[in-house]
Enquirer: 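Structure provided below as structure tokens; questions to follow.
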Number of protein chains: 2
Amino acid sequence: MNKEAIAENLRAHTLKVTPQRLKIVESLNTYGHLNIDMLYREVKESHPNVSLATVYKNLAIMTQNGLLEEVKISGHKSVFEVKKAPHIHLHCSRCGKIEDIEIDLSYVKAEAEKRSGYIVSGSEAVMVGVCPECRHNR
Amino acid sequence: MNKEAIAENLRAHTLKVTPQRLKIVESLNTYGHLNIDMLYREVKESHPNVSLATVYKNLAIMTQNGLLEEVKISGHKSVFEVKKAPHIHLHCSRCGKIEDIEIDLSYVKAEAEKRSGYIVSGSEAVMVGVCPECRHNR
DNA sequence: TATTTAAGGATAAAGTTTATCGTTTACTGG
DNA sequence: CCAGTAAACGATAAACTTTATCCTTAAATA
């Protein structure tokens with residue numbers, strides 16, 4: 001995804017296009033899931049005097065505006081990702097990596113609604129385990 | 001669940017039985033899901049000079065030892081619960097309440113393993129929506 | 001290109017969690 | 001039941017994280 005497409009995406013979420021924001025989204029496109037410290041380091045590479053507060057402020061507003069999503073991982077700092085089609089997360093407890101996998105949860109949602117009376121508007125699921133690489137390299 | 005049963009549960013997890021720990025688990029049995037501030041307030045009622053550090057230390061060790069579980073809720077502080085049979089969480093975005101519901105995720109787990117090569121050992125799922133009470137009282 | 005408004009940077013303040021350390025308490029074995 | 005030991009407690013400092021403030025800079029609009 002190129003810079004102009006990212007800029008489009010920012011504008012689509014009523015956010016001004018700034019170099020710092022471009023870099024944040026670019027980094028997330030490249031690495032998938034990054035926490036705030038990683039993102040701060042990333043942005044500093046191209047903008048050495050970026051303020052940590054800027055990263056905080058941007059993650060907050062980009063998440064509020066629906067461009068990013070925060071993923072809470074048990075025992076770790078939250079990571080952020082660019083919002084895309086609904087999916088669940090795989091978290092490797094050995095190497096810490098996080099992957100997306102598109103598994104349909106509509107059955108779970110329907111079942112939850114039926115049995116609880118809730119109207120469910122969203123869901124978040126994380127499966128924890130060991131990835132193939134970590135299983136083999138030991 | 002009475003005090004002796006809670007004490008049993010603590011011992012079963014190689015934890016000494018202290019009044020502060022009893023109160024924490026008792027509160028969680030009563031209310032289901034509480035964050036650290038709520039638990040601190042709870043324990044203070046029966047042990048007015050409990051230290052906040054004690055609550056932190058106990059939640060950490062009880063979680064490590066598998067007696068409690070931490071539930072990360074988007075936009076809120078983590079809540080804790082007494083570990084029980086696998087279940088997923090319902091979170092009402094209006095009133096903030098959290099409920100358990102036992103829905104089988106083994107299909108999701110199997111599918112995730114098949115498609116990713118991971119060996120999945122655990123999962124955490126939260127469905128966000130509006131509970132029946134909040135839907136009606138407005 | 002000037003104007004307006006939002007965003008950035010620096011840093012202070014607030015809030016949260018962990019570490020330290022001396023004292024107290026729960027457990028064990030006699 | 002009591003003494004000894006190790007763990008837990010309380011108080012508090014330190015570390016760490018997040019948010020707020022305020023002045024400067026930059027992006028969008030016409």
Side-chain angles (χ1 to χ4, degrees), chain A residues 3-4 6-27 34-68 70-80, chain B residues 3-27 34-65 67-68 70-80:
Chain A
K3 274 208 163 62
E4 186 44 46
I6 297 174
E8 257 337 304
N9 197 13
L10 281 165
R11 283 188 282 263
H13 290 86
T14 66
L15 293 162
K16 284 191 181 178
V17 179
T18 70
Q20 295 86 346
R21 286 176 181 173
L22 285 172
K23 179 68 187 206
I24 287 173
V25 179
E26 216 170 34
S27 302
L34 297 174
N35 70 26
I36 203 140
D37 306 310
M38 295 159 167
L39 282 166
Y40 181 44
R41 257 178 269 136
E42 278 292 311
V43 181
K44 263 209 289 211
E45 290 200 359
S46 42
H47 305 86
N49 49 1
V50 68
S51 167
L52 179 56
T54 296
V55 181
Y56 271 100
K57 283 184 279 194
N58 278 323
L59 291 178
I61 198 171
M62 290 197 263
T63 302
Q64 277 166 30
N65 290 21
L67 173 55
L68 302 185
E70 182 180 357
V71 183
K72 297 207 161 200
I73 296 293
S74 174
H76 296 269
K77 290 187 89 166
S78 290
V79 296
F80 291 83
Chain B
K3 273 208 164 61
E4 186 45 42
I6 296 174
E8 257 336 303
N9 197 15
L10 282 164
R11 284 188 280 263
H13 290 87
T14 66
L15 293 162
K16 282 192 180 175
V17 179
T18 70
Q20 296 86 347
R21 287 176 181 172
L22 285 172
K23 180 68 185 207
I24 288 172
V25 178
E26 214 169 37
S27 302
L34 297 173
N35 70 27
I36 203 139
D37 306 310
M38 296 159 169
L39 283 167
Y40 181 43
R41 256 177 269 136
E42 278 293 311
V43 181
K44 262 208 291 209
E45 292 200 357
S46 42
H47 305 85
N49 49 1
V50 68
S51 167
L52 179 56
T54 295
V55 181
Y56 270 100
K57 284 184 279 194
N58 278 324
L59 291 178
I61 198 172
M62 291 198 259
T63 302
Q64 277 166 31
N65 291 21
L67 173 54
L68 302 185
E70 181 180 358
V71 183
K72 296 206 160 200
I73 296 293
S74 174
H76 296 267
K77 291 188 91 167
S78 290
V79 296
F80 291 82

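Here the structure is a predicted model, which is why all the values come from computation and not from measurement.
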Enquirer: Rounded to whole Å, please give me the gap between OH in A/Tyr40 and P in D/dT17.
Expert: 13 Å
Enquirer: What pair of heavy atoms forms the shortest contact from B/Ser74 to A/Lys72, and how long is it?
Expert: CA-CE, 4.1 Å
Enquirer: Write out a two-atom table: protein N or O, nucleotide N or O from nucleotides 11-13 of chain D, distance below 3.5 Å.
Expert:
residue: D/dA11; atom: OP2; partner: B/Asn49; partner atom: O; Å: 3.4
residue: D/dA11; atom: N7; partner: B/Ser51; partner atom: OG; Å: 3.4

Enquirer: Will you find, in the side chains of A/Thr63 and A/Glu70, an N or O donor that is under 3.5 Å from an N or O acceptor?
Expert: no
Enquirer: Can you name the one residue among A/Asn65, A/Leu22, A/Ile24 that meets side-chain contact (heavy atoms from CB on, under 4.5 Å) with A/Leu10?
Expert: A/Leu22
Enquirer: Using a 4.0 Å cut-off on heavy atoms, which residues in residues 9-22 of chain B reach DNA chain D? List them by number, or say none.
Expert: B/Lys16, B/Thr18, B/Gln20, B/Arg21
Enquirer: With a 4.5 Å limit on heavy-atom distance, are the side chains of B/Val79 and B/Leu34 in contact?
Expert: no
Enquirer: Between B/Ala60 and A/Asn58, who's closer to the 5' end of DNA chain C by nearest nucleotide?
Expert: A/Asn58
Enquirer: Take the C1' atoms of the five end pairs on each side of the helix from C/dT1-D/dA30 to C/dG30-D/dC1, derive the two axes, and give their angle rounded to 10 degrees.
Expert: 60°
Enquirer: Below 3.5 Å, can you tabulate the donor-acceptor pairs from side chains in residues 51-62 of chain B to any protein atom, sequence neighbours excluded?
Expert:
residue: B/Ser51; atom: OG; partner: B/Ala53; partner atom: N; Å: 3.1
residue: B/Asn58; atom: OD1; partner: B/Arg21; partner atom: NE; Å: 2.7
residue: B/Asn58; atom: OD1; partner: B/Arg21; partner atom: NH2; Å: 3.2
residue: B/Asn58; atom: ND2; partner: B/Thr54; partner atom: O; Å: 3.2

Enquirer: Roughly, in whole Å, what's the span from NZ in A/Lys72 to P in D/dT17?
Expert: 15 Å
Enquirer: Once you round it to whole Å, what is the distance between C1' of D/dA27 and CD1 of A/Ile61?
Expert: 14 Å
Enquirer: Indicate the atoms forming the closest heavy-atom contact of A/His13 with A/Leu67, along with that distance.
Expert: CD2-N, 3.8 Å
Enquirer: Round to a whole Å and report the spacing from CG of A/Leu59 to C1' of D/dT18.
Expert: 12 Å
Enquirer: First and last nucleotide of DNA chain C touching chain A, 5' to 3', heavy-atom cut-off 4.0 Å?
Expert: C/dT5 to C/dT11
Enquirer: Distance-only criterion, 3.5 Å: show the donor-acceptor pairs between side-chain atoms of residues 36-46 of chain A and protein atoms not counting sequence neighbours.
Expert:
residue: A/Asp37; atom: OD2; partner: A/Lys77; partner atom: NZ; Å: 3.1
residue: A/Glu42; atom: OE1; partner: A/Ser27; partner atom: OG; Å: 3.2
residue: A/Ser46; atom: OG; partner: A/Val43; partner atom: O; Å: 3.4

